[in-house]
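As the structure is a prediction and not an experimental result, all values here were calculated from the model. Here is the naming used below: chain letters follow the sequence lines, and residue numbers restart at 1 for every chain.
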There are 2 protein chains.
Amino acid sequence: MSDKKEKEVDPSTEEKIKNAARALFHQKGYSGTRTRDIAEAAGINLALLNYYFRSKQKLFELVMIEGLLEFVGSITKVFDDSTTTLEEKIRLLASNYIDMLSEQPDMPLFVLSELRSHPDTFLSKMNPQEFLMNSSFIKQYQQSVMEGKIAAIHPLQFIMNLIGMIVFPFIVSPMIKAIGNLDTADYKVLMQQRKTLIPIWIEEMMQVK
Amino acid sequence: MSDKKEKEVDPSTEEKIKNAARALFHQKGYSGTRTRDIAEAAGINLALLNYYFRSKQKLFELVMIEGLLEFVGSITKVFDDSTTTLEEKIRLLASNYIDMLSEQPDMPLFVLSELRSHPDTFLSKMNPQEFLMNSSFIKQYQQSVMEGKIAAIHPLQFIMNLIGMIVFPFIVSPMIKAIGNLDTADYKVLMQQRKTLIPIWIEEMMQVK
DNA sequence: GTCTATATACGGATAGAC
DNA sequence: GTCTATCCGTATATAGAC
């Protein structure tokens, strides 16, 4: 029973470092994080960090790429599925995204923040334009506009509203907690409620007047 | 004509430093900004920075407090005005906030990002709970809910939606520009349109079904 | 008030033993 | 693979002349 899977019994040293790095980078950003702290959090020595990953920079890029892929990737996957309706996509997006962010609440602020410092280092190589603007979502959206089913506003305006309603609460969580005097558990409840509320709000918002 | 106002002819050295610091801090965050760069951007010497402000830390706190006050303050001012209706407040908020952010687009990401690193260093001393939760806005909101005029959802959920629709587009601007292949001018147009669109969307969203 | 030169500390990275 | 000890660049801050 103990020799069945040697693989995941205990996270490998490499994994431990990456996990510690992710947590710290997400919380304090690139330049706010010290390699010494990563090493300590991972329970290993500073030299080992450079042994596995050549430099702080390389380790950072790894975490950053992962974050970006998760941030953009989780949208594109839903957006590009032609077997679901527009309404289903919205519901799926809210549900999946909120679950993901509940586990990594600091990720979006980290990604967006670092993206501002190093503007096109990352965006240029992943080219999100292709994926999103030609996605099934946009086609269905424009189709519905043409049929007069929903109000005619710029797709980007709509996407900003939708993604914003999902992501923004995680970005301002410290402020909202302070304002509403909520603890982390209270906050999670509010977020869970949004999984069902957002699709409703969006539908109301899109109606032609 | 030239000796009328000696006050604002040319920004004082202190002002020049603070302006340079604000721009750089907003763009690169606290630990990503070097005092040398601030000095250079201000057109003065490094030693002068420490002469006017005792340390990088002190200078940062100044900029940070200013940002927080502007971020929270511009909300509270509108929220607390009992002479305007709920609908007017929403319109004012969108309009004022978007104008402000158009001039300092990097401010919210900076404030929120640094707030995460130093969680209660700042929020604890400004106590936004008092102001917001007892504001005229919340009272009018709850009044409308009781009268059945608008849907009954938690005020914080509603505030997150409203503020998020205003602020979030500025936070993801690099991404949206990349996706939509927009330049800065295009983007500003989208933001201006939101000044009139957001109140409409919000009203739709709030309607009882 | 403003500068040049410098002290001091800190953080990333490597050498080399085990 | 993992450690200790150390090197070295870089960034903040100050001393002291003008």
Show me the pairs that pass side-chain hydrogen bond (donor to acceptor under 3.5 Å, both in side chains) and involve residues 35-53 of chain A, at least two apart or across chains.
Arg34(A)-Asp37(A)
In whole angstrom, give the distance that lies between atom NZ of Lys16(B) and atom P of dT2(C).
8 Å
Listed pairs under 3.5 Å, donor-acceptor, residues 154-164 of chain A side chains, sequence neighbours left out:
unit_1: His154(A); atom_1: ND1; unit_2: Leu156(A); atom_2: N; d: 3.0
unit_1: Gln157(A); atom_1: OE1; unit_2: Arg194(B); atom_2: NH1; d: 2.7
unit_1: Gln157(A); atom_1: NE2; unit_2: Leu190(B); atom_2: O; d: 3.0
unit_1: Gln157(A); atom_1: NE2; unit_2: Gln193(B); atom_2: OE1; d: 3.4
unit_1: Asn161(A); atom_1: OD1; unit_2: Arg194(B); atom_2: NH1; d: 3.3
unit_1: Asn161(A); atom_1: OD1; unit_2: Arg194(B); atom_2: NH2; d: 2.6
unit_1: Asn161(A); atom_1: ND2; unit_2: Gln157(A); atom_2: O; d: 3.4

Using the test side chain to side chain contact (heavy atoms under 4.5 Å, CB included), find all partners of Lys77(A) that sit at least two apart in sequence or belong to another chain.
none
Within the structure, does a side-chain N or O atom of Thr13(A) lie under 4.0 Å from either OP1 or OP2 of dG1(D)?
no
For Leu49(B), which contact category applies under a 4.0 Å heavy-atom criterion: base, sugar-phosphate, or nothing?
nothing
Do any N or O atoms of the protein come closer than 3.5 Å to N or O atoms of nucleotides 7-11 of chain C, and which pairs are they?
unit_1: dG11(C); atom_1: OP1; unit_2: Arg34(A); atom_2: NH1; d: 2.7
unit_1: dG11(C); atom_1: OP2; unit_2: Arg34(A); atom_2: NH1; d: 3.0

Using residues 168-181 of chain B as the side-chain source, report each donor-acceptor pair under 3.5 Å to any protein atom, sequence neighbours left out, with the distance given to one decimal.
unit_1: Ser173(B); atom_1: OG; unit_2: Phe170(B); atom_2: O; d: 3.4

Rounded to whole angstroms, how far apart are CD1 on Ile38(A) and C1' on dA13(C)?
13 Å
Compare the minimum distances between each of dG1(C), dT4(D), dC3(C) and the side chain of Tyr51(B), then state the nucleotide with the smallest one.
dG1(C)
Applying side-chain hydrogen bond (donor to acceptor under 3.5 Å, both in side chains) as the test, list every pair that has at least one member in residues 14-25 of chain A; sequence neighbours left out.
Lys18(A)-Glu66(A), Asn19(A)-Arg22(A), Arg22(A)-Glu66(A)
Please report the distance, rounded to the nearest Å, between CD1 in Ile17(A) and P in dG1(D).
11 Å
What is the distance, to the nearest angstrom, from the CD atom on Gln57(A) to the C1' atom on dG9(D)?
16 Å
Over 60° means perpendicular and under 30° means parallel, so classify the ring planes of Phe60(B) and Phe110(B), tilted if in between.
perpendicular
Would you say a side-chain N or O of Tyr52(B) is under 4.0 Å from OP1 or OP2 of dT2(C)?
yes
So, the side chain of Ser136(B) versus the backbone of Asp80(B): is there a donor-acceptor pair under 3.5 Å, distance only?
no
How many whole angstroms separate atom CZ of Phe60(A) from atom C1' of dA13(C)?
19 Å
In whole angstrom, what separates Leu46(B)'s CG from dT10(D)'s P?
16 Å
May I ask you to evaluate whether Asn50(A) reaches the phosphate of dA13(C), defined as a side-chain N or O under 4.0 Å from OP1 or OP2?
yes
Sequence neighbours excluded, the answer for side chain to side chain donor-acceptor pair (under 3.5 Å) partners of Gln27(A) is none
Under 3.5 Å, which N/O atoms of the protein pair with N/O atoms of nucleotides 16-18 of chain D?
none

Could you tell me the separation between the OH atom of Tyr30(A) and the P atom of dG12(C), rounded to a whole number of Å?
8 Å
What's the CD1-P distance between Ile44(A) and dT4(D), to the nearest Å?
11 Å
Which pairs count as salt bridge (charged side-chain N to carboxylate O under 4.0 Å, His left out) when at least one residue sits in residues 100-118 of chain A, sequence neighbours excluded?
none
